[in-house]
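Here's the structure, in structure tokens; my notes come after.
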There are 2 protein chains.
Amino acid sequence: MDGRVDGRAKRATLQTVADEVGVSRTTVSNAYGRPDQLNKALRERIFEAARRLGYPGPDATARSLRRGRAGAIGLVFTETLSYAFADPYSVGFLRGVAEVAEESGTGLLLIPMPPGSGDPETAVRNAVVDGFCLYCVPGGHPAKELIRARGLPLVTTDETDDPSIPYVGIDERGSARMAAEHIVRLGHRRVAVMVDHVSGPGTTGPATLDEQRASDCADLRGRLAGYRDALDEVGVAWESVRVVAAGRNSRTAAASQSAHILDVAERPTAVLAIGDVLALGVLDACEQRGLVPGRDISVVGFDDVPEAERARLTTVRQPMGEKGRMAGRLVLEPPREEKVPRIKLPTELVVRTTTGPAPR
Amino acid sequence: MDGRVDGRAKRATLQTVADEVGVSRTTVSNAYGRPDQLNKALRERIFEAARRLGYPGPDATARSLRRGRAGAIGLVFTETLSYAFADPYSVGFLRGVAEVAEESGTGLLLIPMPPGSGDPETAVRNAVVDGFCLYCVPGGHPAKELIRARGLPLVTTDETDDPSIPYVGIDERGSARMAAEHIVRLGHRRVAVMVDHVSGPGTTGPATLDEQRASDCADLRGRLAGYRDALDEVGVAWESVRVVAAGRNSRTAAASQSAHILDVAERPTAVLAIGDVLALGVLDACEQRGLVPGRDISVVGFDDVPEAERARLTTVRQPMGEKGRMAGRLVLEPPREEKVPRIKLPTELVVRTTTGPAPR
DNA sequence: TTGAAAGCGCTACCAT
DNA sequence: ATGGTAGCGCTTTCAA
């Protein structure tokens, strides 16, 4: 019957103000949204009445509903926001999206969707947005279908997604290959790989081949395949490559799990990390052990986060900001063509001082 | 007349599906929102019809309007999101807010409101949120009034704000004083201060007393006052303290503006930076000049960001995450009491190796 | 278990 | 320059 029964407090509305001033709702609405549609004096009178009545201005939700525009784009994360913010790579991507959002007066709705917490369906359903960026949402994640189902513009940054979803990213495999080729060219043959996690988050230590293949993260699989490509080329069997999971994408986690790489007989001479944050952790571990990167051991990262330069880390640079900007634009102004955009941005090997010739 | 004229595409709605299945809107609504209100078979039939008709599920905006809940809390920034994300301190705060938001299935709407870009009024008015966190919004910023006017729960982290706004923060002045007292106790008397900016962003170099006083950022003024307290105590005239603006809160900016501190006759023996990011920049500049922190010059930061530990930076630790969590909670469940909460979280001086006795 | 009615608060359109 | 009308798409209450 009456919405008020829902427990909402009675509040002043457009109508209240209109009645008070003795004009129509339209006019009050115009006072806020189209100042040029009424004369200044009336507008002032309306605002004055609004103040008196404690009318807070047009309701944002109602306005969105009527206008058919939410004024926000949704960023979906499957990790906790805490992690998302913690990695400078993510931050770079977000900055990119934010830039284009800012330009069009659009907000960014962060939609946390970590494994245990809450119901992904509800989170997606209730998000008041004009489109979504899927950001590190693994292939099989339930959120993906829900989001598609909402029928809003959608962009993903995850490589092997459904080809019907617009995509912006990099050539994961080729880029990883560059990193590994660099190492191989320097003569390294005993190589280890550091990843965040293969199966669920939290799993640490060496990962079996099966586990690697089972990873739900396409980007990860792509990078591993790239490493493998380069190693195959020189006859290094992938089975001989120890793949170690840090458990999560954190510098300290990587440092501690580095024990599985550094403290073993026949220590690898090179470590490929699938992200700079992990690589920096490996470097920390090296330092603790008195190993000099570039001389005693070589370390290559991925991303080229700001901190990588300071650490003189050899890494693969990907244009994180540009990725974010492209993704943002694609959501804000979906191309009308039939063809689904699939954009690959260029990457580049940045050689600094953490890599050097393989020690004999 | 007809809303469709607005240019919106015709889409399937609840009603469409209801008609197709031959039930009422209520029943379809229940199928989505209250599964226990109808039998399984009917629910399936409804979903099936929805699929066939391309009905994307209940519209989030309409649902929000009807329910009176937006399902998001607004985070207002007056800098570009790019900067906001770039500082680990901000990130720590955001992580805190995110944590409590996640727990209650609430999203975070980032509302960019940088000086030049777009209209703050529009941004605030259109934000579909249940409350706001004001985050580094200077005292006189127009956004503040607009947000208040919306009448939603509101929390600020900026100290000397309107006392009618719930506040969570730290004792800026006392904390800064701790930092300066530490320096003073080590015998330093020639002291410089590094700030991000006093007046508008972008102003760099030494700042006059008038400029310092005119700063619109209460936190900054509080910290400067704290430094001054400690220096006054030992007879160091504040006029003799060179306050240098980096122009913005960035490590590289601080490094380059450090010239105004390090490359002058009678070089200061200690530098107080109002944030760790700036302090790290000062350290970079010291390194370039071959100055050893803790021996040739002392540097103190503020915040205790993760990077500070790695750099062995002496600093004032503030609980950024806790600040965020408290702020989030205060917005999500505004206390019903009359008294406006004003929470000050504890801080702590963390002495590492960038400070040492004043060189003679 | 299902449905009819009653709006949530607003803005676009057209007419005056 | 101002107003009347007609919904935007949904959920809730109450009754059947």
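Chain identifiers are assigned alphabetically (A, B, ...) following the order of the sequence lines, protein sequences preceding nucleic acid strands; residue numbering begins at 1 within each chain.
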In residues 23-46 of chain B, which ones come under 4.0 Å of DNA chain D, going by heavy atoms?
B:Arg25, B:Thr26, B:Ser29, B:Arg34

How close or far is atom C1' of C:dC8 from atom CG of B:Asp130, stated in whole angstroms?
15 Å

Could you tell me how far apart A:Leu65 (CG) and C:dC8 (P) are, to the nearest whole angstrom?
13 Å

Would you compute the distance between atom CZ of B:Arg63 and atom CG of B:Leu14 and round it to the nearest 0.5 angstrom?
9.0 Å

Set of residues satisfying side-chain contact (heavy atoms from CB on, under 4.5 Å) with respect to B:Ala31, sequence neighbours excluded
B:Leu38, B:Arg43, B:Ile46, B:Phe47

Ignoring hydrogens, what is the shortest heavy-atom contact between A:Pro56 and B:Ala149? Give both atom names and the distance.
CB-O, 3.1 Å

Measure up the A:Tyr135 and A:Phe93 rings against each other and bin them: parallel (under 30°), tilted (30 to 60°), perpendicular (over 60°).
parallel

Answer yes or no: is there an ion pair linking B:Glu48 with B:Arg45, defined by an N-O contact shorter than 4.0 Å?
no

Between C:dC10 (P) and A:Tyr55 (OH): distance, integer Å
4 Å

Write down the distance between CZ (B:Arg66) and C1' (D:dT11), rounded to a whole number of angstrom.
5 Å

Just the rounded figure in Å: distance from C1' of D:dC10 to CG of A:Asn126.
12 Å

Separation of D:dG9 P from A:Arg125 CZ (nearest whole Å):
16 Å

Check the phosphate of C:dT11 against A:Arg63, side-chain N and O only, distance under 4.0 Å to OP1 or OP2. Yes or no?
yes

In terms of side-chain heavy atoms of A:Leu14, which of D:dT12, D:dC8, C:dT11 is nearest?
C:dT11

Between B:Arg69 and B:Thr106, is any side-chain donor less than 3.5 angstrom from a side-chain acceptor?
yes

